[in-house]
Amino acid sequence: MKKIFKDINNSEVIIKSINYNCKKGSNNSNLGSILLKEQKNFCAYSEEYIDSISDSNDIEHFNPNLKCTEKDNYTNWFKVKNKVNFLKRLKENEFNKNNISFEDILHPTDENFETELKYLKGEYRFEESKTEKVKNLINFLELNKPEKIERRRKFIERKRKEIENWGITPIDFFEYLISDDISSIKYLRTIQEEFNIDIWNMIPQP
């Protein structure tokens with residue numbers, strides 16, 4: 001999982017003072033479209049491409065306890081796939097029952113996100129000497145479920161073979177995928193770490 005960058009100075013959400021409307025039946029599509037564009041159409045949590053036409057997706061409140069309160073704001077809103085959001089809600093109930101504060105979970109926009117949440121061969125890790133925030137994030141989003149680790153590893157294996165067969169550099173390979181079929185790209189942090197490339201900045205703004 002990559003750090004999510006929120007440009008609080010230049011985001012259209014801030015400039016136009018767009019808020020999440022909590023009234024039943026309200027249309028928050030404008031806010032959702034801006035968030036999705038800022039995330040370059042990638043789900044904040046799964047890092048899978050979101051096709052705005054065919055993929056059901058939601059505006060997600062990272063800290064659900066802030067939703068529809070005065071403290072709810074732009075930094076708490078993310079675009080995620082519907083299935084990912086549903087599974088997260090199940091974890092929210094578990095955390096609430098165990099009295100785990102959502103302030104004690106590493107936030108996706110944290111300045112030190114990628115140094116705190118370490119990646120190694122498909123798995124996310126943390127140093128035992130660090131705070132519980134990273135461990136809580138891994139648990140909260142189930143980042144290290146065995147099937148997720150395996151999917152990341154298999155994805156990298158396939159891409160390495162394709163790059164080798166094509167006889168080109170990783171940068172050239174992913175530039176081609178971005179231009180040809182961006183939906184085939186996922187696991188941005190995995191790509192970044194495994195191939196040592198800045199995949200995020202290679203992806204154009206929608």
Side-chain angles (χ1 to χ4, degrees), residues 1-114 116-117 124 126 131-145 148 186 188-189 200 205-206:
M1 180 177 174
K2 276 185 59 59
K3 172 185 175 180
I4 306 297
F5 179 70
K6 294 275 192 181
D7 191 347
I8 59 174
N9 296 314
N10 299 303
S11 173
E12 190 177 346
V13 174
I14 301 298
I15 293 172
K16 294 184 177 180
S17 298
I18 300 173
N19 289 307
Y20 182 85
N21 194 329
C22 290
K23 291 182 180 179
K24 188 175 181 180
S26 295
N27 187 344
N28 287 295
S29 59
N30 186 34
L31 172 61
S33 294
I34 296 170
L35 295 174
L36 188 58
K37 181 179 179 181
E38 290 180 352
Q39 293 171 205
K40 297 186 178 181
N41 289 355
F42 281 85
C43 173
Y45 301 156
S46 70
E47 296 185 307
E48 296 176 355
Y49 187 80
I50 296 176
D51 187 317
S52 58
I53 297 175
S54 61
D55 288 329
S56 179
N57 56 89
D58 305 320
I59 296 175
E60 207 282 306
H61 300 250
F62 182 73
N63 183 341
N65 295 334
L66 297 182
K67 187 175 181 179
C68 299
T69 70
E70 292 183 355
K71 293 183 178 181
D72 196 22
N73 59 58
Y74 169 61
T75 60
N76 196 42
W77 305 329
F78 302 92
K79 260 295 186 158
V80 301
K81 286 194 171 185
N82 178 267
K83 182 178 179 180
V84 175
N85 197 18
F86 173 77
L87 294 174
K88 175 179 172 285
R89 286 175 189 160
L90 299 179
K91 273 292 179 178
E92 289 170 6
N93 295 332
E94 178 185 316
F95 271 49
N96 281 320
K97 287 179 181 177
N98 292 325
N99 295 316
I100 298 175
S101 170
F102 288 91
E103 284 74 21
D104 289 328
I105 303 173
L106 184 68
H107 197 275
T109 65
D110 189 282
E111 182 180 359
N112 300 312
F113 186 86
E114 293 188 15
E116 295 285 323
L117 180 68
Y124 288 103
F126 61 95
T131 65
E132 287 288 296
K133 285 190 173 185
V134 186
K135 181 179 179 180
N136 286 337
L137 176 72
I138 292 172
N139 184 19
F140 188 44
L141 298 181
E142 298 186 322
L143 296 177
N144 279 346
K145 285 187 72 172
K148 289 184 179 180
K186 52 187 173 182
L188 302 179
R189 177 76 183 279
W200 177 255
Q205 195 68 48

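No hydrogens, no waters, no symmetry mates; every other heavy atom, side chains included, goes into these values. Given the structure is predicted, the values throughout are model-derived calculations rather than measurements.
- Checking each of Lys67, Lys88, Lys79 against Glu60 for a salt bridge (charged side-chain N to carboxylate O under 4.0 Å, His left out) leaves exactly one that passes, namely Lys88.
- Around the CD atom of Glu111, the shell of radius 6.0 Å holds no more than 12 heavy atoms that belong to other residues, nucleotides or ligands.
- Remark: Lys83 NZ is loosely packed, at most 12 non-hydrogen atoms of other residues, nucleotides or ligands lying under 6.0 Å away.
- A distance of 11.0 Å separates OG in Ser29 from CG in Asn21, rounded to the nearest 0.5 Å.
- With sequence neighbours left out, Tyr74 forms a ring pair (Phe, Tyr, Trp, His ring centres under 6.0 Å) with no residue at all.
- Taken to the nearest 0.5 Å, the OG atom of Ser11 stands 10.5 Å off from the NZ atom of Lys16.
- You'll find the side chain of Phe113 stays beyond 4.5 Å of the side chain of Phe5, heavy atoms only.
- The residues Lys133 and Glu116 are annotated as not salt-bridged, no charged nitrogen and carboxylate oxygen being separated by less than 4.0 angstrom.
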For side-chain contact (heavy atoms from CB on, under 4.5 Å), just list the numbers for Leu66 and Thr69, CA-CA rounded to whole Å, side-chain angles, deciding distance to a tenth of an Å, and then say yes or no. CA-CA 5 Å; Leu66 297 182; Thr69 70; 4.1 Å; yes
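- For the pair Lys6 and Phe78, the cation-pi test (distance below 6.0 Å, angle within 45°) is passed.
- Asp104 contributes no side-chain N or O that, together with a main-chain N or O of Phe102, makes up a donor-acceptor pair within less than 3.5 Å.
- Remark: side-chain polar atoms of Asn98 are not paired, donor with acceptor, to backbone N or O of Ile100 under 3.5 angstrom.
- Side chains of Tyr49 and Lys40 form no contact here, defined as non-hydrogen atoms less than 4.5 Å apart.
- Residues Leu117 and Lys3 have side chains not in contact (no heavy-atom distance under 4.5 Å, counting atoms from C-beta outward).
- Classification of the Tyr20-His61 ring pair by plane angle, with boundaries at 30° and 60°, yields perpendicular.
- Of all heavy-atom pairs spanning Asn136 and Phe95, the tightest one is O-CZ, 3.6 Å.
- Taking 4.5 Å as the limit, every side-chain heavy atom of Asn63 sits out of range of all side-chain heavy atoms of Ile105.
- Side-chain contact between Lys2 and Arg189: present, with at least one pair of heavy atoms (C-beta onward) separated by less than 4.5 Å.
- Applying side chain to side chain contact (heavy atoms under 4.5 Å, CB included) to Ile59 and the options Asn85, Asn28, Leu36 leaves one that passes, Asn28.
- Interatomic distance, Asn82 CG to Leu87 CG, rounded to the nearest 0.5 Å: 9.5 Å.
- Side-chain contact check for Phe86 versus Asp58: every heavy-atom pair is 4.5 Å or farther apart.
- Atom-to-atom distance recorded for Ile8:CD1 and Thr75:OG1 is 8.5 Å, nearest 0.5 angstrom.
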Check the pair Val13 / Trp77 against side-chain contact (heavy atoms from CB on, under 4.5 Å), numbers first and verdict last. CA-CA 11 Å; Val13 174; Trp77 305 329; 4.0 Å; yes
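- A donor atom on one side chain and an acceptor atom on the other are found under 3.5 Å apart for Asn139 and Lys91.
- Remark: Ile14 CD1 is packed, more than 12 non-hydrogen atoms of other residues, nucleotides or ligands lying under 6.0 Å away.
- Proximity of Phe140 to Tyr45: side-chain heavy atoms (C-beta onward) are nowhere separated by under 4.5 Å.
- Counting heavy atoms from C-beta outward, Lys81 and Asp55 have side chains that approach closer than 4.5 Å.
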